[in-house]
Structures are given as structure tokens and as C-alpha cells.
4 protein chains.
Amino acid sequence: METSSPASSRRTSIGSQRNPDSEEAILSAAEAILREAGLAAFSIEAVARRAKAGKPTIYRWWPSKAALLLDVYHRQKHHGHMPDTGDVRSDLALFVTSLLAFWRDDGGAIFRSLIAEAQSDPAALEALRRYLLERWRQSGAIIQRAQKRGEVRPEIDSDLTIEILSGFAWSRLLTGRLDCSEDEIRAVIDAVVGGIAAR
Amino acid sequence: METSSPASSRRTSIGSQRNPDSEEAILSAAEAILREAGLAAFSIEAVARRAKAGKPTIYRWWPSKAALLLDVYHRQKHHGHMPDTGDVRSDLALFVTSLLAFWRDDGGAIFRSLIAEAQSDPAALEALRRYLLERWRQSGAIIQRAQKRGEVRPEIDSDLTIEILSGFAWSRLLTGRLDCSEDEIRAVIDAVVGGIAAR
Amino acid sequence: METSSPASSRRTSIGSQRNPDSEEAILSAAEAILREAGLAAFSIEAVARRAKAGKPTIYRWWPSKAALLLDVYHRQKHHGHMPDTGDVRSDLALFVTSLLAFWRDDGGAIFRSLIAEAQSDPAALEALRRYLLERWRQSGAIIQRAQKRGEVRPEIDSDLTIEILSGFAWSRLLTGRLDCSEDEIRAVIDAVVGGIAAR
Amino acid sequence: METSSPASSRRTSIGSQRNPDSEEAILSAAEAILREAGLAAFSIEAVARRAKAGKPTIYRWWPSKAALLLDVYHRQKHHGHMPDTGDVRSDLALFVTSLLAFWRDDGGAIFRSLIAEAQSDPAALEALRRYLLERWRQSGAIIQRAQKRGEVRPEIDSDLTIEILSGFAWSRLLTGRLDCSEDEIRAVIDAVVGGIAAR
DNA sequence: AACTAACCGAGACGGTACGTCTCGTCTTATG
DNA sequence: CATAAGACGAGACGTACCGTCTCGGTTAGTT
């Protein structure tokens with residue numbers, strides 16, 4: 001990180017405009033702190049210290065801790081891995097598997113923090129909600145394709161189905177049980193796709 | 001609250017043992033703060049102030065903010081509403097409906113706080129996890145009864161099924177969308193019980 | 001007090017530098033508390049409250065209670081009243097009289113506190129010691145002038161003589177007997193200057 | 001210490017009277033704490049802990065920290081070493097030397113604490129004052145004997161003379177400079193007995 | 001070329017909460 | 001009724017962050 005900066009000593013103003021080096025340094029620092037030490041260690045003070053930035057610079061561009069968290073989460077790569085194998089079970093299994101894997105490897109600490117922050121900051125809650133509705137809408141395409149193929153009944157609400165699977169993933173993330181076996185994921189998909197009722 | 005105390009002036013020690021009046025006052029104060037002002041306003045300091053208790057008294061009995069939160073949550077009534085209508089769809093619908101209603105009316109603010117706290121406090125996470133596994137096991141009885149009646153396939157993992165429904169409820173709680181219509185809940189139950197696949 | 005500030009509302013930062021208004025407010029508050037309520041009421045918390053300053057602001061500039069006490073004592077006027085009447089008896093009588101008067105009117109409560117604090121805080125003890133050695137050295141000039149005039153034997157240690165008189169004053173201060181008559185002071189001076197031995 | 005107690009486990013009431021074992025244990029503990037860790041570590045709490053006594057037991061018999069300190073100081077041996085060599089200079093030198101030695105070896109920490117405490121506790125101040133006046137009166141006998149022998153002028157106030165020497169000793173005690181050379185002590189005695197004035 | 005405007009870092013400011021310590025009071029159970 | 005034990009309300013301790021502010025300096029655009 002921070003490779004774009006001129007390797008030299010001190011970062012300063014570049015005139016009456018946002019300094020992208022500072023932005024980059026701040027986001028990098030925030031991400032690193034979350035990843036290395038978790039939400040408890042994540043404070044504006046700590047980010048400023050690590051990014052060698054002034055606190056007002058952070059407050060100028062991110063009105064709240066949640067806004068910074070959201071930006072950090074957005075910087076992650078993942079977004080929009082949209083499986084399309086032609087089989088709804090495989091697509092959904094890949095969806096859940098890759099989500100859990102992403103959280104396990106990288107973004108989990110950040111997303112957990114975002115959810116936690118949203119529980120006390122209404123602005124964060126609103127931002128999170130908006131972000132999620134969009135994400136679920138996107139991922140709903142998996143279901144909609146399956147409906148076009150005739151695999152899934154047409155009256156099924158695609159977003160709601162995604163929210164069910166996503167909710168299961170949240171449950172695992174927020175209780176620290178991301179190490180979910182293939183079998184468990186298959187069982188979840190089977191339940192949602194095939195139902196649990198006796199034939 | 002605090003009606004049990006002798007209406008007189010000051011609460012004090014009752015010897016070398018825990019004073020139940022103090023415990024009650026602290027839990028009441030904690031609950032009131034969470035309900036009225038939310039997690040952001042919930043601090044040991046504030047609880048002590050409102051309960052007219054010394055901070056060490058709180059720290060003596062609750063080692064962390066999370067422990068206090070958990071106790072406050074436990075004091076709520078709800079726990080263990082276990083529908084048994086003889087029909088798995090009705091049972092599960094009641095399960096989800098009553099959970100959301102309970103959170104909407106009373107315990108939501110507290111449980112949200114508990115989850116949020118668990119994201120930065122490992123001890124809270126562990127306590128939450130233990131609590132949930134037990135709750136899911138209890139609620140899993142709904143599925144197991146249905147399996148005995150032949151309504152649900154025997155190889156289905158009852159706890160996992162409950163976690164799926166519970167996860168959906170979490171998703172609604174944590175994104176502030178507890179006002180869930182009957183139809184939506186029915187759709188969720190239908191998906192999980194009957195599956196989404198075309199017949 | 002605080003007349004220098006703009007009489008308006010709130011004192012705040014003036015950039016990356018010590019705010020003299022805050023310093024003044026803190027020292028004034030500390031002095032007032034000591035004078036009005038004594039050492040027992042003197043706490044960093046109380047000073048912060050009265051000065052309308054944050055505790056960290058105090059700890060930033062004064063590492064210990066003793067450092068603050070010392071600064072408060074230094075702010076007093078007295079310092080360096082150095083009588084030079086041409087007669088050693090008169091000089092010393094003035095020295096003791098004005099010291100006791102100063103303590104009686106103003107600085108006594110503060111200096112008592114400083115000595116008390118030094119009995120449990122090594123840093124305070126060291127600061128006090130350094131301060132006193134310097135003060136005795138200064139006051140020793142009274143003796144040295146008398147030696148030059150031939151009033152006092154040349155082999156007499158001027159600092160030690162001052163410490164004897166100063167010690168007597170301490171005894172009076174620390175036992176709350178500052179209301180010392182002229183006669184008593186004269187008797188003390190006579191003893192030290194003329195000795196108690198029969199001629 | 002504590003050798004008088006029955007070496008067995010638990011000390012308890014001996015009926016409606018003061019238990020001397022407890023008193024002994026408390027005074028011993030108080031003395032040990034002062035000697036080993038100084039005034040800063042001296043708290044009723046600490047004394048009770050070390051003496052394995054209940055706090056109320058201490059508060060019952062000693063109304064204030066100062067009262068306990070005074071009792072501890074009284075338990076020391078020293079008291080009343082009253083030199084009588086027939087020579088006032090020798091007597092006074094012994095008086096000062098043995099006082100400083102006693103404080104250096106044993107009682108200094110305790111007496112310093114007592115003086116410090118008296119600066120914030122009026123009751124302690126009063127107790128200290130009464131104790132000192134008595135002590136000075138006793139030690140004044142040194143001067144009075146010398147007056148009878150004709151060594152010291154009859155109009156000299158014996159108590160005041162003792163207070164001067166005592167004040168010098170206080171100065172050394174309270175500034176942590178008890179390591180006073182023989183020469184310095186002699187110089188002090190010479191000043192007071194013979195005066196500093198040129199012949 | 002001078003001026004303004006917004007940015008930058010630094011860090012002080014008044015606050016609040018933290019978790020720990022001791023205070024002096026209280027009530028118990030034990031003898 | 002004294003004792004050891006220990007809980008209680010109170011509040012100070014010194015530290016960490018909060019979000020705001022002012023500073024001195026830098027660099028664009030605008031005159």
C-alpha cells in the first residue's frame with residue numbers, strides 16, 4: 001500500500017482539492033487496523049496516527065466512523081461474483097461458499113464492524129440498508145435466471161430468497177462460525193431449494 | 001421499578017453477600033437506558049448513575065458490558081415460546097412471527113446491542129454463541145416433532161433449519177426492517193418448508 | 001480571574017500550542033481550592049471541574065499533583081523579599097516575620113500541601129528539595145552581607161543558618177501556630193545570633 | 001510480629017471488649033506498611049488486609065487515619081532519650097543526633113506520614129500539636145538543667161530553644177536529608193548555643 | 001505576480017467513559 | 001457484643017478517544 005506516494009517524507013496539501021494520497025493512506029490504514037486488531041482497536045484517532053493524517057482531514061471527508069467503514073468495505077475486491085453455471089443449486093452453493101470464503105479471508109472483520117456500528121448509528125444503518133438492498137437485488141439475478149429456465153417457481157420472490165441465504169451467512173459471520181463445511185452449505189441450499197417437507 | 005425496595009432512602013450493603021435490590025436496580029437501569037436511548041448511550045457509567053449504584057458494584061458482578069447485556073436480555077419474558085399446533089408450517093410461522101414481534105416491542109434494542117458488542121468483545125461473542133446454540137437446540141424441537149409426525153424428512157438437521165429462519169430474522173433486526181408482513185413470513189416459511197424449486 | 005479571556009463562552013484550542021488562558025484558569029482554580037477548602041479537597045478532578053478544563057489538559061502540562069502544587073506556589077507574590085537594613089538582627093527578624101506573614105495571609109495552605117504531598121510522592125520531594133536549596137541559597141545573602149560587614153563570624157555556614165530559622169518557621173506552619181508574637185521571633189533571632197550561652 | 005496471637009487460624013471476638021490480639025495485629029500491620037512502602041501505600045484498606053482484620057474493627061477503635069498513625073508512632077521505642085552529660089552542648093548534640101538517627105532507622109517514615117496527614121486533617125493536627133508541646137516540654141529539661149548549672153542564661157525560653165533545634169530536624173526529615181554529618185550538627189548546636197555573631 | 005481559498009499535518013481543547021482503587025458505612029454469620 | 005468478611009454508594013485516579021478548533025504551511029486557481 002501507499003506505493004503511489006512519492007516515497008519522500010511528508011504528505012501535504014495539493015491545493016484546494018482533496019489529496020488522493022491522503023485518502024488512500026487513510027483507507028489503507030483503516031483497513032489494516034480492522035484486519036489486524038479488529039473493531040475494538042478501530043478509532044479515528046488510531047487511523048489518523050497510522051495514516052499520519054490529521055484528524056480533521058478524516059472528519060472532513062468521512063462524517064462518521066460508519067462512513068469510513070463503508071468506504072473501506074467498498075474497496076474490497078469481491079463485489080459481484082455472480083455465478084452462472086446453469087444450475088440453481090450450484091449457483092446458490094457458489095454464492096454462499098464464496099461469500100463465506102471472502103469474509104473468512106478478508107472482508108469479514110470489516111463487514112462485522114459495519115453491522116455493529118449500524119446498531120448504534122442511524123446513518124450507518126441507513127447506508128448499510130441501502131447497500132444491502134442493492135446487493136440482494138443484484139444477487140437475485142441468480143434466482144431470476146433459474147425462473148426463466150423453469151427451475152424455480154415464478155411466484156418466488158428472488159430478493160427474499162437471497163436474503164434468507166444471506167441471513168444464514170450473517171448468522172455464521174456474526175457468531176464467529178465461518179468455518180462452514182461443504183455439507184452444511186449443501187444442506188442449507190437443499191432446504192431452501194427443495195424444502196424440508198416430506199415428499 | 002425498584003418497587004420491592006422499602007421506599008426509604010438509601011440502598012446499602014446487606015452483609016457479605018450480593019444485594020438483590022442492587023442487582024435489580026442495575027438491571028432495570030440498564031434495560032431502561034437501552035430501550036430509551038439505545039446502545040450508544042449504554043455505558044457502565046450511565047447505568048451506575050441511573051441505578052444510583054457504585055461502578056465497582058457493577059464490575060463486581062458483571063465482568064464486562066456484554067455480560068450485563070446478556071443478563072438484561074435474559075430478564076425479558078419471551079424466552080421459550082414454543083408453538084405446537086400440530087402443523088410445522090404454522091409452528092414455524094408462529095416462531096418467526098413471535099420472535100419479530102418480541103424484538104419489535106421489547107427486546108430488539110437489547111439483542112441488537114448484544115450482537116454489536118460481540119463483534120468487538122471476544123468474551124461477549126463466546127457468551128452469545130453459547131446462548132444461541134442452546135436456543136436453537138430448544139427451538140429445533142419444532143422440527144423434530146414434525147419429523148416424528150412424518151411432516152419433515154428425517155435426515156433434515158433441525159438446528160440448521162432453525163438457524164436459517166433465525167438468520168432471516170437477524171437480517172431484519174439488524175437492518176431495522178422488523179415490520180415484516182404476514183405474506184413475507186409465509187413466503188419464507190414456504191420456501192424453507194416446501195422449497196423454491198418447481199415441482 | 002480569567003479577565004484576559006474574551007468574557008465570552010467557551011475556551012478552546014488555539015492551535016498546536018499551549019493555551020495560556022487554560023493554564024491561567026487551571027492555576028487559579030487550583031489556588032482557590034487550596035485556599036478555600038484545603039489539601040483534602042484538592043484533586044485533579046476538582047481542579048478540572050472548577051477551571052472548566054478537561055482532565056487531560058491538566059495531565060498534559062503537569063505530570064503530577066505535586067507539579068501543579070509547585071506551580072501554584074510559584075505564582076504567589078512573596079518570593080524574594082530580601083531585607084537589607086544593614087543590621088543582621090533586623091534583617092533576620094524581617095525575614096522570619098515576612099515569611100510567617102506571607103504564610104498566614106496567602107501561601108501557607110499551599111506550601112503545607114506541597115510539603116505533605118512530598119511525603120508520599122518522591123518526585124514532589126525532589127522538586128521541593130531543589131526549590132528549597134535555591135531559596136536558602138538566596139536568603140543566605142543576608143548572612144553573607146553581615147559577614148562582609150563583620151557582624152557575623154566568617155566561618156558560619158550561611159545556608160545552614162537560614163535553614164535553622166526556616167525550620168523554625170516550618171514548625172510553626174506545620175503545627176498551625178503561625179500567630180507568632182514579635183517577642184517570640186525576637187527571642188529566636190537572639191538565640192541564633194547571640195547564642196543562648198551565658199556570657 | 002503478631003507473635004502473641006495463638007499461631008492458629010482465625011482471630012475472633014473475645015466478648016464485649018477490645019481484643020488485644022487484633023489491636024496488636026493492626027498496629028503491627030500499619031507500622032510494617034509505613035516502613036516498607038511509605039505513606040502512599042498506607043490506607044485503612046491495606047492495613048485491614050495485612051492484619052486480616054475487618055475494616056469496621058479499625059474504624060471502631062481509631063476514628064481516623066491520623067489516630068492510627070499517632071498510635072503507631074507512640075509504639076516506637078525512642079521516646080524520652082534524655083541525655084544528661086553535664087554539658088549543654090553535648091546534651092543538645094546527642095538530642096539532635098539521636099532524633100535524626102531514630103528517624104533514619106525506624107520512625108522517620110511514620111512521623112513524616114503523621115505530619116503530612118495533619119496538613120489535611122484538623123483532628124490529626126490537634127493531636128500532633130498536643131503531642132509535640134508535651135515532647136518539647138520534656139526535652140526542655142535539657143536547657144533547664146543547663147540554666148541551673150549557669151551554662152545558659154536564665155531568661156532563655158527552653159521550649160522555644162528545643163523547637164528551634166527540632167525545627168531543624170523536621171526540615172531534614174521532611175526534605176529527605178536525614179544523613180546529616182557530625183560537623184553540621186555541631187555547627188547547628190554552636191550557632192544556637194554560642195550564636196553566630198562576631199565576639 | 002499577488003491574492004485568496006481550500007487543503008494538509010499537527011496537536012491542544014473541553015468532554016465522557018473507561019476500569020481500578022480507596023473511602024467510610026453497613027449487615028451478616030460466627031463465636 | 002466484638003470480630004472477620006465483604007458488599008455497598010461515592011467518587012478520584014490516570015488514560016483513551018471523541019469531535020471541534022486553531023495554527024502555520026502548501027498549492028491550486030483567480031485576479
Side-chain angles (χ1 to χ4, degrees), chain A residues 10-19 21-22 41-46 48-49 51-61 63-65, chain B residues 10-19 21-23 25 41-46 48-49 51-61 63-65, chain C residues 10-19 21-22 25 41-46 48-49 51-61 63-65, chain D residues 9-19 21-22 25 42-46 48-49 51-61 63-65:
Chain A
R10 197 172 183 279
R11 194 173 57 240
T12 178
S13 169
I14 56 168
S16 299
Q17 56 186 295
R18 187 166 185 168
N19 184 336
D21 283 357
S22 285
F42 182 78
S43 66
I44 298 291
E45 198 101 20
R49 209 153 42 220
K52 291 195 169 302
K55 281 199 289 175
T57 303
I58 299 182
Y59 282 108
R60 182 156 28 237
W61 303 115
S64 71
K65 186 143 77 167
Chain B
R10 199 172 180 276
R11 196 173 55 238
T12 178
S13 169
I14 55 167
S16 297
Q17 57 187 290
R18 188 165 186 169
N19 185 337
D21 283 357
S22 285
E23 179 176 5
F42 182 78
S43 67
I44 299 290
E45 198 102 19
R49 209 152 41 219
K52 293 199 165 302
K55 280 199 289 173
T57 302
I58 300 182
Y59 282 108
R60 184 158 24 240
W61 303 115
S64 70
K65 188 143 74 169
Chain C
R10 197 172 182 276
R11 196 171 54 237
T12 180
S13 168
I14 55 167
S16 297
Q17 56 186 292
R18 188 165 186 168
N19 185 337
D21 282 357
S22 285
F42 182 77
S43 67
I44 299 290
E45 198 102 21
R49 213 154 36 222
K52 292 196 169 303
K55 278 199 289 174
T57 302
I58 300 182
Y59 283 108
R60 184 156 27 239
W61 302 116
S64 70
K65 189 142 74 167
Chain D
S9 56
R10 197 170 183 278
R11 197 169 54 238
T12 177
S13 169
I14 56 169
S16 300
Q17 55 185 301
R18 187 166 185 167
N19 184 335
D21 282 357
S22 285
F42 182 78
S43 66
I44 299 290
E45 199 99 21
R49 211 154 39 221
K52 291 197 167 304
K55 281 199 289 174
T57 304
I58 300 181
Y59 282 110
R60 184 160 20 244
W61 302 115
S64 71
K65 187 142 76 168

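A quick note: this is a predicted structure, and the numbers were derived from the prediction, not measured. Proteins get letters first, then strands, A, B, ... in listed order; numbering begins at 1 in each.
B:I58 places its CD1 atom 13 Å from the C1' atom of E:dC18, with the value rounded to the nearest Å. When rounded to the nearest whole Å, the span between CG of B:N19 and C1' of E:dC26 equals 11 Å.
Closest approach of B:Q17 to B:I14, counting heavy atoms only: NE2-O, 3.4 Å. In terms of heavy atoms, D:A48 sits closest to D:G54 at CB-C, 4.4 Å. In terms of heavy atoms, B:A41 sits closest to B:A46 at O-CB, 3.7 Å. When all heavy atoms are compared, the tightest approach of D:A25 to D:A51 is O-CB, 3.6 Å.
Atom CG of C:N19 and atom OG1 of C:T57 lie 9.0 Å apart (nearest 0.5 Å).
Bending across the helix from E:dA1-F:dT31 to E:dG31-F:dC1, expressed as the angle between its end axes from five pairs apiece, amounts to 20° (10° rounding).
For the pair D:I58/D:K55, no side-chain contact is recorded, criterion being any heavy-atom separation below 4.5 Å from C-beta on. Residues B:E23 and B:W61 fail the side-chain proximity criterion, which asks for heavy atoms closer than 4.5 Å.
Close to F:dG6, at under 4.0 Å from its OP1 or OP2, lies no side-chain N or O of B:W61. Contact annotation: C:R60 side-chain N/O to E:dG11 OP1/OP2 distance is not under 4.0 Å.
Nearest to the side chain of C:S22, among E:dG9, E:dC13, F:dC8, sits E:dC13.
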Starting at the 5' end of nucleotides 26-31 of chain F, put B wherever the base has a protein heavy atom under 4.0 Å, S where only the sugar-phosphate does, and a dash everywhere else.
-> BBS---

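Nearer to the 5' terminus of DNA chain F, by closest-nucleotide assignment, is the contact made by B:A48 (compared with the other of B:A48 and C:P56).
A donor-acceptor contact shorter than 3.5 Å links the side chain of A:R11 to the backbone of A:K52.
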Dump every N/O contact between nucleotides 12-14 of chain F and the protein below 3.5 Å, one line per pair.
residue	atom	partner	partner atom	Å
F:dA12	OP2	C:R49	NH1	3.4
F:dC13	OP1	C:I44	N	3.0
F:dC13	OP2	C:I44	N	3.2
F:dC13	OP2	C:E45	N	2.8
F:dG14	OP2	C:Y59	OH	2.3
F:dG14	O5'	C:Y59	OH	3.3
F:dG14	N7	C:K55	NZ	3.1
F:dG14	O6	C:K55	NZ	2.7

